[in-house]
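Quick notes on the structure that follows.
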Number of protein chains: 2
Amino acid sequence: MKKEALSSSSSGCKTRILAIKDTMEILTGKWKFHIIGSLMLFEKLRFMELLREVDGIGAKMLSKELQDLEMNHLIRRTVLNTKPLTVEYELTDCGRTLGPIIDEIAKWGITYRKTLYHKSETSESLV
Amino acid sequence: MKKEALSSSSSGCKTRILAIKDTMEILTGKWKFHIIGSLMLFEKLRFMELLREVDGIGAKMLSKELQDLEMNHLIRRTVLNTKPLTVEYELTDCGRTLGPIIDEIAKWGITYRKTLYHKSETSESLV
DNA sequence: CAGGATCCTTTACGATACTG
DNA sequence: CAGTATCGTAAAGGATCCTG
């Protein structure tokens, strides 16, 4: 993968566009927002709990997404010395700063279903 | 792809999580937010302009993403009867309701670079 | 100019099994 | 329980050529 210093901004008005690109590079994939949203709601979750909570995800994907998020300092992974071992995941302070984004996305999702989805209910446009 | 009536909500507190899932299903991929962000800034853009604006995207992907967005009524495609023909893309009213999300994402991206990126500058964590 | 057709490579994602 | 290994499919992404 190429990487050009996380889009070194240029024309100023492009800063905004590049910021969007940066953010989305970190939050890429079907699952990241969903995982973060769950952790925002439940504070701490273990692997199996996340597996149930983030519905549809498989163990491999979850594992990989959690590693991505941890590398970007958005979540913290804590191994508890229990037997058999358990692991807790929680948002870091930085992860919590995603709150406003998650809020807007959730808000829009709710509205979208109400105002727009019925328009294409009979078509396949949302599939 | 399966589809279960766009996650018919259940326990109430899960509405929020499911709304996130719904939204992200419509806005999947690396490019959608980027495209919408560009259209939000420039009002109207032609295919070639988008190709330049959404940096890194190829013609095939752009074409496909634009179709997705149009199917979901987020953008409008207008063919102008010029010669050679030109096409304009712009946000619909519904597309414009994504404004707050885009704003938060852009805002976070700017902050993220300032506060967090330098922490992992020497590692590969963002690659 | 706006894109579709084709071909090919690389990730993303998923199901099943297996280990500390 | 918390994952990794392995295998396989489906999309993403790129290059080149082609058409209205």
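Within the 3.5 Å criterion, the main-chain N or O of A/D22 finds no donor-acceptor partner in the side chain of A/E25. Between the side chain of B/K64 and the backbone N or O of B/K60, no donor-acceptor pair lies under 3.5 Å. Under a 3.5 Å cut-off, the side chain of A/E49 and the backbone N or O of A/R46 do form a donor-acceptor pair.
At whole-Å resolution of the value, CE in B/M61 and P in C/dT11 are 15 Å apart. A/E65 has its CD atom 14 Å from the P atom of D/dG3, to the nearest Å. C/dA15 atom P lies 11 Å from atom CG of A/L51, rounded to whole Å. As a whole-Å value, the separation of B/L50 CG from C/dC1 P is 14 Å. What separates CG of A/L62 from P of C/dA15 is a distance of 14 Å, to the nearest Å. Here C/dA12 presents its P atom at 11 Å from CD of A/E25, a figure rounded to the nearest Å. Atom NZ in B/K83 sits about 17 Å away from atom P in D/dT19, given to the nearest Å. As rounded to whole Å, 15 Å separates atom P of D/dC1 from atom CD of A/E88.
An OP1 or OP2 oxygen of D/dA12 is reached within less than 4.0 angstrom by no side-chain nitrogen or oxygen of B/W31. At D/dT4, one or more side-chain N or O atoms of A/S63 fall inside 4.0 Å of OP1 or OP2 (strictly under the cut-off). When the side-chain nitrogen and oxygen atoms of A/Q67 are compared with OP1 and OP2 of D/dT4, one or more of them lie within a distance under 4.0 Å. Contact annotation: B/R77 reaches the phosphate of C/dG3 (side-chain N/O to OP1 or OP2, under 4.0 Å). Residue B/K64 places at least one side-chain N or O under 4.0 Å from the OP1 or OP2 atom of D/dA12.
Proximity note for B/Y89 (side chain, C-beta onward) versus C/dG3, C/dC1, D/dG13: the nearest is C/dG3. Between C/dC13, D/dG13, D/dG3, one nucleotide has an atom nearer to the side chain of A/K30 than all others, and that is C/dC13. The nucleotide whose nearest atom lies closest to any side-chain atom of B/V87 is, among D/dC1, D/dT4, C/dA2, C/dA2. Comparing C/dC1, D/dA2, D/dG13 against the side chain of A/T86 picks out D/dA2 as the nearest.
Taking for each of A/L85 and B/A59 the nucleotide of DNA chain C with the nearest heavy atom, the 5'-most of the two is the partner of B/A59. For the pair A/P84 and A/I57, both in contact range of DNA chain C, the more 5′-proximal nearest nucleotide belongs to A/I57.
In this structure, A/M40 and A/I36 have side chains that are in contact, with non-hydrogen atoms separated by less than 4.5 Å.
Donor-acceptor pairing under 3.5 Å, judged by distance alone, is present between the side chain of B/K60 and the base of D/dG14.
A salt bridge links A/K44 with A/E88: the distance from a Lys NZ or Arg NE/NH1/NH2 to an Asp or Glu carboxylate oxygen falls below 4.0 Å. We find that B/E65 and B/K32 are joined by a salt bridge, their nearest charged nitrogen and carboxylate oxygen being less than 4.0 Å apart.
Looking at heavy-atom distances under 4.0 Å, B/M48 makes contact with sugar-phosphate atoms alone, never a base. Residue-level contact check: B/G29 touches neither bases nor backbone, having no heavy atom under 4.0 Å from any strand. Among the atoms of the strands shown, none is found under 4.0 Å from any heavy atom of B/E49.
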